[in-house]
Amino acid sequence: MSTERLKQERSVFIRTYGCQMNVYDSERMIGLLKPLGYDVAPTPDDADLVILNTCHIREKAAEKVYSDLGRLKRLKAAKQKTGGEMSIIVAGCVAQAEGAEITARAPQVDMVIGPQAYHRLPELLARAARERGDVLETDFAVEEKFDRLAARIVDGPSAFLTIQEGCDKFCTFCVVPYTRGPEVSRGVDAIVAEARSLTAQGVREITLLGQNVNAWRGASPAGEVGDIWGLGELCRHLALIDGIERIRFTTSHARDMDDGLIAALGEEEKLMPYLHLPVQAGSDKILKAMNRGHTVDHYRKLIARIRAARPDIAISGDFIVGFPSETSEDFEGTLALVEEIGYASAYSFKYSRRPGTPGAAMPKQVAEDEKEARLARLLVLLEGQRADFNRAMIGKIMPILLEKRGRHEGQLVGRTPYLQSVHVKAPESMLGLIASAHIEGVTPNALAGRLTTDGEAAA
Ligand code: SAH
Ligand code: SF4
Ligand code: F3S
């Protein structure tokens with residue numbers, strides 16, 4: 001496949017599952033394919049290349065890939081009948097974890113490529129075309145991945161920026177240390193360069209990403225204070241970049257929430273007062289079995305310190321119900337902790353037994369209907385907290401970043417510091433600005449507001 005041939009009207013469809021890091025990776029893959037002449041196709045139907053960027057975190061997520069592959073197989077066969085072609089690539093965490101199984105189970109797949117090998121996509125595509133065979137690429141080499149990925153083209157004023165990959169924590173339920181490899185931090189210079197390229201494209205808000213984003217460490221640039229920086233120093237440094245108005249980071253781990261980061265949250269106004277800090281469970285016994293490396297009390301005190309430093313902060317979390325050996329008493333502990341902390345939003349999941357993780361082999365697995373019942377109770381509590389939090393916004397004046405057009409003519413959708421969507425009447429020329437909105441009502445998934453000014457306002 002010569003570059004010339006690739007340049008003739010080719011199109012790629014990418015379906016992204018899982019976390020924000022996959023969303024970021026998909027954008028980077030598109031960035032690599034565009035110079036080869038690929039346009040983004042809205043559906044797989046007419047695409048020459050289909051990439052499934054997959055997630056392995058829970059069984060359901062992983063199984064979706066195989067049902068998608070079934071559909072693609074029929075699509076590919078139909079295309080081939082009429083003389084067309086379609087290449088199928090499986091990327092992401094399922095590719096990393098089940099590479100060989102995918103090639104065996106789904107011969108329609110042309111290439112299986114793990115999360116650390118995306119920078120090699122053009123070369124692998126060429127090789128696949130040359131050899132007309134399957135390609136399996138699942139080595140770990142994170143630094144290389146970032147160095148060699150093309151710059152991204154982003155749309156809209158808010159963008160993700162991956163600063164850390166991988167995980168060394170080995171929670172006993174989780175596949176991430178196996179699918180994403182060990183913790184690696186990107187260097188300050190590379191992060192700053194990417195942030196600058198984003199602001200040059202009109203980005204005003206960056207969300208720093210990492211499986212354990214607050215485990216990020218980096219050598220400080222020459223002439224700066226301190227030798228080794230943590231995430232707090234990095235955020236303060238990024239806040240100096242012209243054009244960046246809002247900084248977020250996700251996902252943090254309670255073990256890595258150091259004083260420097262808490263101080264930065266308290267002092268740096270560009271850091272948004274919204275922190276995703278999962279605890280998973282509210283029982284010390286379960287936290288220990290999960291290998292989370294801290295107690296309930298550690299988490300409680302940590303939240304108190306963060307709230308003392310930044311009184312307007314809101315917390316979001318993740319929870320797992322029905323981890324092996326979780327009794328109803330342990331689960332009551334989770335409910336009690338949720339009551340005590342008060343979450344602005346949260347994700348909660350039934351424990352999913354993942355092959356190869358220690359949790360999968362543990363005795364005292366919890367029955368599915370019990371998990372279901374616990375999840376239902378937890379969801380009612382968390383949903384109530386979320387609704388209360390949203391309702392408490394009514395009457396307030398909030399700075400919102402106007403991100404996109406609304407569904408109705410003359411309407412834009414902005415985001416509060418707490419990531420709530422706000423629908424306002426505003427001209428399109430205001431897209432990308434931060435404006436003040438008076439919050440007037442709540443709908444199930446958003447807030448309704450009215451702009452108080454007609455331009456740049458509170459940041
Ligand atoms: N690094 C983050 C979590 C990344 S995975 C942290 O440590 O908090 C995202 C979420 O998926 C987790 O917080 C957890 O709630 C959920 N999760 C991970 N593995 C799971 C499993 N086997 N079953 C159910 N939920 C799981
Ligand atoms: Fe998974 Fe635990 Fe690592 Fe989070 S900290 S990615 S839950 S192993
Ligand atoms: Fe899923 Fe991999 Fe992210 S398993 S949650 S896509 S790191």
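Every number for a ligand or one of its atoms is a count from 1 in the order of the listing. As the structure is a computational prediction, the values presented were derived from the model and not from experiment.
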Which bit of F170 is near ligand 2, meaning a heavy atom under 4.0 Å away: side chain, backbone, both or neither? backbone
Who's the nearest protein heavy-atom neighbour of atom 11 (O) of ligand 1, and how far? R58 NH1, 3.1 Å
Does the Lys NZ or Arg CZ of R386 fall within the cation-pi geometry relative to Y343 - under 6.0 Å from the ring centre and within 45° of the axis? no
Kindly confirm or rule out an N or O of S252 lying under 3.5 angstrom from an N or O of ligand 1. no
Nearest to atom 1 (N) of ligand 1, what protein heavy atom do you find, and at what distance? Q211 O, 2.8 Å
Report yes or no: is the cationic atom of R58 (NZ for Lys, CZ for Arg) under 6.0 Å from the centre of the six-membered ring of F349, at an angle within 45° of the ring normal? yes
Given K60, M21, R292, K169, which has its nearest heavy atom closest to atom 6 (C) of ligand 1? R292
I57 near ligand 1 by a heavy-atom separation under 4.0 Å: yes
Would one find more than 12 heavy atoms of other residues, nucleotides or ligands at under 6.0 Å from atom CG of D46? no
Between ligand 2 and R292, can you find any atom pair, the residue atom being a heavy atom, that is separated by under 4.0 Å? yes
Just the protein N/O/S atoms under 2.8 Å from atom 3 (Fe) of ligand 3, please, no waters. C19 SG
Does the protein put any heavy atom within less than 4.0 Å of atom 4 (C) of ligand 1? no
Heavy-atom pairs closer than 4.0 Å: do any link ligand 2 to the side chain of C167, the backbone, both, or neither? side chain
Using a 4.0 Å heavy-atom cut-off, say whether P278 meets ligand 1 through its side chain, its backbone, both or neither. side chain
Protein residue, atom and distance nearest to atom 19 (N) of ligand 1, heavy-atom basis: F173 CD1, 3.3 Å
When only distance counts, is T251 in polar contact with ligand 1, meaning an N/O pair under 3.5 Å? no
For K350, counting its heavy atoms only, list the atoms of ligand 1 lying under 4.0 Å from any of them. 23 (N), 24 (C)
Do T179 and Q96 pair up side chain to side chain, a donor and an acceptor below 3.5 Å, judged on atom types alone? no
